[in-house]
Number of protein chains: 2
Amino acid sequence: MLSNKTALEDLKKVLKNKGMKYTEQRAVILQILFTLDDHLSAEEVHLVVKQKYPELNIGIATIYRTLNFLEEVELISSISFGKDGKKYEPNKKTHHDHLICVSCGKIVEFYDEDIEVRQESIAKINNFKITDHNMQIYGLCQDCQNKS
Amino acid sequence: MLSNKTALEDLKKVLKNKGMKYTEQRAVILQILFTLDDHLSAEEVHLVVKQKYPELNIGIATIYRTLNFLEEVELISSISFGKDGKKYEPNKKTHHDHLICVSCGKIVEFYDEDIEVRQESIAKINNFKITDHNMQIYGLCQDCQNKS
DNA sequence: GTCAATGCAAATCGTTTGCATGAAC
DNA sequence: GTTCATGCAAACGATTTGCATTGAC
């Protein structure tokens, strides 16, 4: 479990290791993902940065470059939801999957041990060595069921 | 389970119902998905059509329009794989999920009753009414494990 | 002072749309 | 003959790239 603070420390460490530079842009993008702790698209991150740090005048290219980098070094991760495209979240938590409301877009995280175990056996049966997996359940959340 | 033949019949029926026209382009695209019985991207479908029916001189716009239509009327369905984007498959089979080799791109289909049941309970716990779900397991297939 | 990172604009990729032409009915 | 479907090219949205400038070290 990474806190906001340790994530920043990790960023500095990784950058130094790779001979890369610590910049405010990189720090800010990482912090936003960790403090908002939500699932944000690249554009959404851009909006938040512009709003919270207008003096930075950050470009969309930097957003993309930084998100790609942060994902590469595993400080954040991304998932592609059907229509809504790619979204990023901080790597704070252990593995989990997502319930997504098809009406309002709400995202609920869940973890199910039984499913994890079954996935392992399915991979074994098919002679696959798992590197990763993801699962999305789409449906109507309580609120949206009530509305209709 | 739809065979190649019945799929074509269904297509004709749907088109008539909707006051739309039966064209060779639409038939050919449907047939390719049913006979190859693989997971193809729009571009891949385009390539196959051009190769197998060069005289049709089919445009990429028609490919997209037709794939969208066929998916809408549920003769085919699509899934988005991480890096590889959207792929289409014929609606021949019952529901299933996918194992995907991260090295060679091979796709293996599977169905697991336990997982389906668990998904239902997870949705119930979170007050979601499931409309759909999908799950991908990424890993190395047997062949690619041997290579490395 | 050096080298990497940034912002900007142009380029690119996958997909969609507008429109004149051609094919199905 | 009417209407819908097609091919083509232009438009589009999301993402990436090239390049001159700026900022970290």
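Residue numbers start from 1 in every chain, and the chains themselves are labelled A, B, ... in the order their sequence lines are given, proteins ahead of strands.
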Under a 4.0 Å heavy-atom cutoff, the residues of residues 15-31 of chain A touching DNA chain D are A:Lys21, A:Tyr22
Q) B:Glu109 and B:His95: side-chain donor and acceptor closer than 3.5 Å? A) no
Hits for side chain to side chain donor-acceptor pair (under 3.5 Å) against A:Gln31, two or more places apart or cross-chain, chain-then-number order -> none
Step through the shown structure and confirm whether more than 12 heavy atoms of other residues, nucleotides or ligands are within 6.0 Å of NZ on A:Lys12. yes
Remember a base hit wins even if backbone is also touched, and classify A:Ile60 as base, sugar-phosphate or nothing at under 4.0 Å, heavy atoms. nothing
In one Ile/Leu/Val/Met/Phe/Trp/Tyr side-chain cluster, 4.5 Å: A:Ile137, B:Tyr111 = no
note: B:Ile58, atom CD1; D:dA9, atom P; distance rounded to Å ~ 16 Å
Under a 3.5 Å cutoff, is there a donor and acceptor pairing between the side chains of A:Gln136 and B:Asn134?
yes
Under 4.0 angstrom, heavy atoms only, what part of the nucleic acid is A:Leu56 near: base, sugar-phosphate, or nothing?
sugar-phosphate
Chain B vs DNA chain C, heavy-atom contacts under 4.0 Å, first-to-last nucleotide span, 5' to 3', is C:dG14 to C:dC25
**Report entry** Donor on one side chain, acceptor on other, A:Thr62 and A:Gln25, under 3.5 Å
**Finding:** no
Separation of D:dA5 atom C1' from B:Asn68 atom CG, nearest Å, is 15 Å
Rounded to whole Å, the CD-P distance (A:Glu44 to D:dT15) equals 11 Å
Establish whether A:Leu99 and B:Ile125 are linked, either directly or via other cluster members, by ILVMFWY side-chain heavy-atom contacts under 4.5 Å.
-> no
From CG of A:Leu67 across to C1' of D:dT16 the rounded distance in Å is 13 Å
Just checking, is any N or O donor in the side chain of A:Glu44 or A:His39 under 3.5 Å from an acceptor N or O on the other one? no
